[in-house]
There are 2 protein chains.
Amino acid sequence: MERRTRQREAIRRALVAAGRPLSPQEILADAQREVPGLGIATVYRTVKSLADDGEVTAVELPGGLTCFERRHQHHHHHFQCRGCQKVFEVHGCPGHLDRLAPAGFSVEGHELLLFGRCADCRTTP
Amino acid sequence: MERRTRQREAIRRALVAAGRPLSPQEILADAQREVPGLGIATVYRTVKSLADDGEVTAVELPGGLTCFERRHQHHHHHFQCRGCQKVFEVHGCPGHLDRLAPAGFSVEGHELLLFGRCADCRTTP
DNA sequence: ATAGATGCAAAGAGTTTGCATAGGT
DNA sequence: ACCTATGCAAACTCTTTGCATCTAT
C-alpha cells in the first residue's frame, strides 16, 4: 500500500492549488516551497503513481511537454498560452469529430488544443 | 544558397512518396534505401532546413513525437493510429473552436488530433 | 577553389532507473 | 522492524552541435 509522505502530499497540494495542468518542473517548484529537498525524480515517480491510481491524468502537449492535472470526470480540452506556456482547461467540445476521419478508420478518441494568449499575457507581452 | 545533394533529395522524395507525416526515423529508413550511409543528424538538419524554406511543416504529436509533412495550403488536422503509430492527414475542421476558450483569452490557433485505428490495423490487431 | 552539406561522435535536455538510506506504518 | 518512498547519480532516449571531410557549384 502507499504511504502518506510529505513529498507526495506536497505534490498533490500543488496540483489542487494550481487548478490547471502543471509541468513536472512547475510541480517541483511549487512543492519545493513545502519540501525544499524534493527531487525531480520523486515528482516523476509520484505523478506516475497518482496517474496509476486515477487521481491525476497526463496532458501531453505538442512539443513534448507533458503536464499533469487532477482527474476530471467530464470531457474537456486544453489551451496553451504562447506567452507564459501555461496550460489551462477548456470546457466543452465541438463534437461530431469522428466523421472527419478517413473512410475505414475507427476513431476511439480525440484531443483538441487551443493556443493563443491567456488573459494575463494578452495585456503583458 | 542551398545545394541539391543526394541526401536532401532522398529525404524530399521520402516525404512525397509517403503522402503522410513521417517521423525522423521513418524518413531515415525510407531515405536510406536510396542513400545507405545517410545519418540521422542529416535528417534532422534537412527537415529543419526544409521547414525554414516552408516546404515542410512539423506535426507535433502528444507524447513528444514530431513528424514532418509536405506543406499544405489548406487547414487540416491529423489522425494517429494506436496500432501502427502512423500519422495520417484528416481533412476538414469542426470550426467554431475559439468560443471554447476562457473569457479574456485570445485564440490564435488550434490543433486537433483524432486517434484510433487505421484501416489496416482495424482488421489486423 | 570555395563554401555549404555530411557523417561521426560528443553534448544537451528531459525522463527513467538502480541503489543505499530515510522514514511511514 | 519492515518495507515503501526518497534523493542522488547514472543510464536512456531523442535531438542538436562541433568538427574534419566530402562534394555541389
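In what follows, chains are A, B, ... by sequence order, proteins preceding strands, each numbered from 1. Bear in mind that the values here come from a model prediction, so they are computed numbers and not experimental data.
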Interatomic distance where [atom1] belongs to [X] and [atom2] belongs to [N] [whole Å]:
X     : N      : atom1 : atom2 : result
A:E2  : D:dA5  : CD    : C1'   : 11 Å
A:L65 : C:dG14 : CG    : P     : 9 Å
A:L50 : D:dT6  : CG    : P     : 10 Å
A:K48 : D:dT6  : NZ    : P     : 14 Å
B:E60 : D:dC14 : CD    : C1'   : 13 Å
B:R4  : C:dT6  : CZ    : P     : 13 Å
A:I40 : D:dA11 : CD1   : P     : 20 Å
B:E9  : C:dT6  : CD    : P     : 10 Å

If you restrict it to nitrogen or oxygen atoms, what contacts under 3.5 Å exist between nucleotides 19-23 of chain C and the protein, and what is each distance?
{"unit_1": "C:dG23", "atom_1": "N2", "unit_2": "A:R3", "atom_2": "NH1", "d": "2.3"}

- Donor + acceptor pair across side chains of A:H72, A:H91 (<3.5 Å): no

Between [X] and [N], does any side-chain N or O lie under 4.0 Å from OP1 or OP2?
X     : N     : answer
A:S49 : D:dA5 : no
A:T42 : D:dG7 : yes
B:Q7  : C:dG7 : yes

- Message: Under 4.0 Å, counting only non-hydrogen atoms across every strand here, what does A:L38 touch: a base, just sugar-phosphate, or nothing?
- Response: sugar-phosphate

- Task: Answer yes or no on whether A:R20 is positioned over the face of A:F88, meaning its NZ or CZ is under 6.0 Å from the six-membered ring centre and within 45° of the axis.
- Result: yes

- Can you check whether A:L100 reaches A:H110 side chain to side chain, under 4.5 Å on heavy atoms? no

- Task: Could you tell me whether the side chain of A:V107 reaches within less than 4.5 Å of the side chain of A:L97, counting heavy atoms only?
- Result: no

- Message: Any salt bridge linking B:R6 with B:E9? Criterion: basic side-chain nitrogen under 4.0 Å from a carboxylate oxygen.
- Response: no

- Item | Residue met sooner reading DNA chain D from 5', once B:T5 and A:V35 are mapped to nucleotides | A:V35

- Message: Does atom CZ (A:R99) have a neighbourhood of more than 12 heavy atoms from anything else shown, all under 6.0 Å?
- Response: yes

- Query: Of A:K48, A:R12, A:R70, which meets salt bridge (Lys or Arg N to Asp or Glu O under 4.0 Å) against A:E55?
  - Reply: A:R12

